[in-house]
Amino acid sequence: MNTLDNKRIVLGVSGSIAAYKAPDIVRRLIDLGADVRVIITEGGREFVSELSLQTVSKNKVHNNLWDKDAELAMGHIELAKWADVIIIAPASANTIAKICHGKADDLLSTVILATKAIIMIAPSMNQQMYASKAMNENLRILEARGVVNIEPGSGEQACGDIGEGRLAEPIEIAHQAANLFINNLLIGKKVLITLGGTIEAIDPVRFISNNSSGKMGMALANACVNSGAKVTMIIGSISTQIEKRAKAIFVTSADDMYEAVMDNIENQDLFISCAAVADFKPAKVSQNKIKNNTNLESIILSKNKDILESVCKLNSKPICIGFAAETENLISNATEKLINKKCDAIVVNDVSNREFGLNSDNNEVHFITSKKTEKIDKNSKQIIAEKLINKIVKYFF
Ligand code: CTP
């Protein structure tokens with residue numbers, strides 16, 4: 001996994017000669033794991049072909065605020081909500097002035113006004129324009145609003161002038177976007193995370209399991225690594241990409257997961273129990289495949305050990321964060337788990353809602369401690385993971 005894995009980036013391409021570099025910016029962002037959609041302005045279309053941008057981004061390029069078909073699929077408000085980051089590169093003098101003054105007369109400026117995403121601008125223009133008082137003031141206003149300025153380089157420009165105003169290199173733009181997600185929140189800390197579902201064998205070919213994809217746990221592992229932690233993952237059955245910067249230990253059953261957790265729990269600062277552990281396993285595993293003509297009416301089950309509860313009982317336990325997959329009475333059921341398992345916090349999500357939860361890319365959760373319950377609104381699992389790490393650090397480190 002990379003630092004932009006699962007991040008949703010809108011690249012806004014405005015009218016500057018440097019727009020010809022936009023397909024390379026798209027590629028660099030995708031190389032770091034991002035999902036990229038492009039908005040191009042009228043000016044941008046003069047300098048780079050939409051076909052190139054569509055080919056590299058593998059998505060339709062958005063160019064028109066009044067496109068009825070686009071509004072039916074991913075309209076301007078959806079795009080504004082979808083993005084984690086909006087990067088305007090190249091950002092022309094005109095586009096910078098428009099967003100500075102809150103204009104909404106084309107798709108890009110409207111999306112900027114309608115978004116909660118982080119906004120980055122990579123200015124690109126003639127050195128005299130870049131040095132002008134108006135531009136300086138506009139940039140100061142935008143920076144004060146939290147817009148990240150990817151500063152231009154200096155050198156010979158397309159117009160022959162020499163000075164500041166050349167678009168930052170595409171790789172630099174991608175790395176600055178990735179750096180947004182890197183912090184020191186967990187520097188020097190060791191984190192153990194369980195994730196995915198467990199598989200409980202009935203016979204050599206059949207098993208009991210669940211729908212867990214491991215995406216939430218993997219997003220947490222990614223967020224912990226980006227925060228400087230040393231991460232070990234105990235991974236059950238998953239259907240997602242693996243975070244390569246963390247240590248991965250693969251297990252099958254709840255018993256295997258219990259052993260792996262206990263073997264690795266010493267000296268951990270934080271334990272995140274994100275796995276969907278099967279509560280029960282077949283009491284006896286048939287050595288041979290159970291044949292069709294067997295008179296089998298039921299399978300006798302026995303209870304699996306509760307891994308989270310066992311870790312919470314350890315003498316020198318780490319900070320323990322559990323997850324609660326619920327379909328009703330979310331807060332009261334999860335609070336009961338917090339108390340019964342004696343963990344430090346529980347993250348509860350509604351798995352009856354198909355929009356988020358098991359197997360989806362999105363989630364909406366409540367973070368519950370003995371003192372407070374806080375909601376984290378619907379977002380990508382990656383962003384939810386980052387918000388959770390922020391809360392865990394705020395409360396416990
Ligand atoms: N958990 C665990 N070991 C188990 C069962 C659950 O470590 N044998 C952990 C999960 O990883 C999660 C928390 O306990 O962090 C709650 O899991 P969940 O499946 O929501 O609840 P259960 O405790 O299994 O209770 P129920 O199925 O009745 O809701």
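Both ligands and their constituent atoms are indexed starting at 1 by order of listing. Any value given below was found using the heavy atoms of this structure, including those in side chains, with hydrogens, waters and symmetry copies removed.
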Looking at Arg206 and Asp203, does any basic side-chain N land under 4.0 Å from a carboxylate oxygen?
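Between Asp203 and Arg206 there is a salt bridge, with a charged N closer than 4.0 Å to a carboxylate O.
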
Please determine if Arg45 and Glu42 form a salt bridge, counting it only when a charged side-chain N lies under 4.0 Å from a carboxylate O.
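Looking at Glu42 together with Arg45, the answer is yes, because their closest N to O distance falls below 4.0 Å.
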
Report all side-chain donor-acceptor pairs from residues 158-169 shorter than 3.5 Å, counting only partners two or more places apart or in another chain.
residue : atom : partner : partner atom : Å
Asp161  : OD2  : Asn126  : ND2          : 2.9
Asp161  : OD2  : Gln127  : NE2          : 3.1
Arg166  : NH1  : Glu156  : O            : 3.2

Which pairs would a plain distance check flag for residues 99-106, meaning a side-chain donor or acceptor within less than 3.5 Å of a matching protein atom at least two apart in sequence or in another chain?
residue : atom : partner : partner atom : Å
Asp105  : OD1  : Lys98   : NZ           : 2.9
Asp106  : OD1  : Ser109  : N            : 3.0
Asp106  : OD1  : Ser109  : OG           : 2.5
Asp106  : OD2  : Lys98   : NZ           : 3.1

Output, or 'none' if empty, a list of ligand 1-protein atom pairs in which both atoms are N or O and the distance is under 3.5 Å, rounded to 0.1 Å.
residue  : atom   : partner : partner atom : Å
ligand 1 : 3 (N)  : Ile307  : N            : 3.0
ligand 1 : 7 (O)  : Ile307  : N            : 3.4
ligand 1 : 7 (O)  : Leu308  : N            : 2.8
ligand 1 : 8 (N)  : Lys305  : O            : 3.0
ligand 1 : 11 (O) : Ser273  : O            : 3.3
ligand 1 : 11 (O) : Ser273  : OG           : 2.8
ligand 1 : 11 (O) : Ala275  : O            : 2.7
ligand 1 : 14 (O) : Lys341  : NZ           : 2.8
ligand 1 : 15 (O) : Ser273  : O            : 2.6
ligand 1 : 15 (O) : Ser273  : OG           : 3.3
ligand 1 : 15 (O) : Phe323  : N            : 2.8
ligand 1 : 15 (O) : Phe323  : O            : 3.2
ligand 1 : 20 (O) : Ala325  : N            : 3.0
ligand 1 : 20 (O) : Lys337  : NZ           : 2.8
ligand 1 : 21 (O) : Lys337  : NZ           : 2.9
ligand 1 : 23 (O) : Lys341  : NZ           : 2.5
ligand 1 : 24 (O) : Asp279  : OD1          : 2.7
ligand 1 : 24 (O) : Asp279  : OD2          : 3.1
ligand 1 : 27 (O) : Asp279  : OD2          : 3.0
ligand 1 : 29 (O) : Lys337  : NZ           : 2.8

Could you work out, with side-chain contact (heavy atoms from CB on, under 4.5 Å) as the rule, every residue matching Glu46, not counting sequence neighbours?
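Residues passing side-chain contact (heavy atoms from CB on, under 4.5 Å) with Glu46: none at all.
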
Go through the steps for Lys371 and Tyr395 under the test side-chain contact (heavy atoms from CB on, under 4.5 Å), then give the verdict.
CA-CA 10 Å; Lys371 294 197 177 72; Tyr395 282 101; 5.8 Å; no

